[in-house]
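A quick write-up on the structure given underneath.
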Amino acid sequence: MTAASSQNTRSLFDRELCGLVLDTAPRLFAVAHVCGDGAGDADGWVVAWGLVDSDGLTHVIGVDGRTRMTLASPERAVRHFGGRPGITARLVWLAQPGAAALDRAEAA
């Protein structure tokens, strides 16, 4: 196998590997706390990050690092972080990724 042929094979494999990663990537979301009625006095902040697998299994970690949960659905995270007077917990979904890279600098 020549060096060029080896490079082409590696390049094809790298593209296939990145495609596999995109196809199987979990969905990423934040749990945000919101207070106020949204008419100019609303405020919000992220209290947790989560990811959900294709089977619905959901993993959540609080931004303080002390809360870690595995739940049946993202909506259960909303229930866990909700319930405070004057504060609503909401899910905010990140868009599905459109690209993958093997190099950290390329992915940034």
Side-chain angles (χ1 to χ4, degrees):
M1 184 179 282
T2 66
S5 176
S6 177
Q7 181 63 29
N8 287 340
T9 301
R10 176 176 218 98
S11 179
L12 175 61
F13 174 77
D14 289 352
R15 286 193 304 271
E16 289 176 355
L17 184 60
C18 288
L20 174 67
V21 168
L22 289 171
D23 290 344
T24 61
R27 292 291 314 271
L28 185 62
F29 65 90
V31 180
H33 273 171
V34 178
C35 66
D37 63 10
D41 68 340
D43 194 10
W45 56 97
V46 174
V47 294
W49 286 100
L51 58 91
V52 59
D53 297 329
S54 60
D55 63 359
L57 191 61
T58 302
H59 307 279
V60 180
I61 183 167
V63 295
D64 62 7
R66 294 183 292 170
T67 303
R68 295 172 188 251
M69 300 177 280
T70 300
L71 305 165
S73 71
E75 291 74 21
R76 295 207 184 245
V78 170
R79 287 187 217 147
H80 174 80
F81 287 97
R84 294 181 175 90
I87 296 176
T88 303
R90 295 177 59 185
L91 290 179
V92 179
W93 292 94
L94 274 69
Q96 283 286 84
L102 296 176
D103 183 272
R104 185 176 184 170
E106 282 182 50

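Residues: numbered from 1 along the sequence shown.
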| task | Would you indicate whether the side-chain heavy atoms of Thr58 and Glu75 approach each other to under 4.5 Å? | result | no

| remark: Between Gly86 and Cys35 the two heavy atoms that sit nearest each other are O-CB, 3.4 Å

| query | Leu51 and Leu91: same hydrophobic cluster, using ILVMFWY side-chain contacts below 4.5 Å? | reply | no

| said: Has Arg90 got a side-chain atom pairing as donor or acceptor with Val78's backbone, closer than 3.5 angstrom? | reply: no

| field | Verify same cluster id: Leu28, Val46 (apolar side-chain graph, 4.5 Å) | value | yes

| request: Using the side chain to side chain contact (heavy atoms under 4.5 Å, CB included) rule, take Ile87 and Phe81 through it: C-alpha gap first, then chi angles, then the decisive distance, then the call. | output: CA-CA 10 Å; Ile87 296 176; Phe81 287 97; over 6 Å; no

| message | Looking at every non-hydrogen atom in both residues, tell me the closest pair between Val31 and Ala89 and how far apart they are. | response | CG1-CB, 4.3 Å

| query | Taking C-beta and beyond as the side chain, do Thr67 and Val60 meet within less than 4.5 Å on heavy atoms? | reply | no

| Which pair of non-hydrogen atoms, one from Leu22 and one from Ala99, has the smallest distance, and what is that distance? | CD2-O, 3.5 Å

| message | For Gly36 versus Asp41, what's the shortest heavy-atom pair and its separation? | response | CA-OD1, 4.0 Å

| Side chains of Ser54 and Thr24: does their closest heavy-atom pair fall under 4.5 Å? | no

| field | Short side-chain to backbone donor-acceptor contact, Asp53 and Asp55, under 3.5 Å | value | no

| In terms of hydrophobic clustering (I, L, V, M, F, W, Y; side-chain heavy atoms under 4.5 Å; direct or indirect links), are Met69 and Val52 co-clustered? | yes

| remark: Interatomic distance, CZ@Arg27 vs CG@Leu94, rounded to 0.5 Å, equals 8.5 Å

| remark: Nearest heavy-atom approach of Ala32 to Val92 is CB-CG2, 4.3 Å

| field | Closest heavy-atom pair and its distance - Leu71, Arg76 | value | CD1-C, 3.9 Å

| Relative to each other, are the rings of Phe29 and Trp93 parallel, tilted or perpendicular (30° and 60° limits)? | tilted

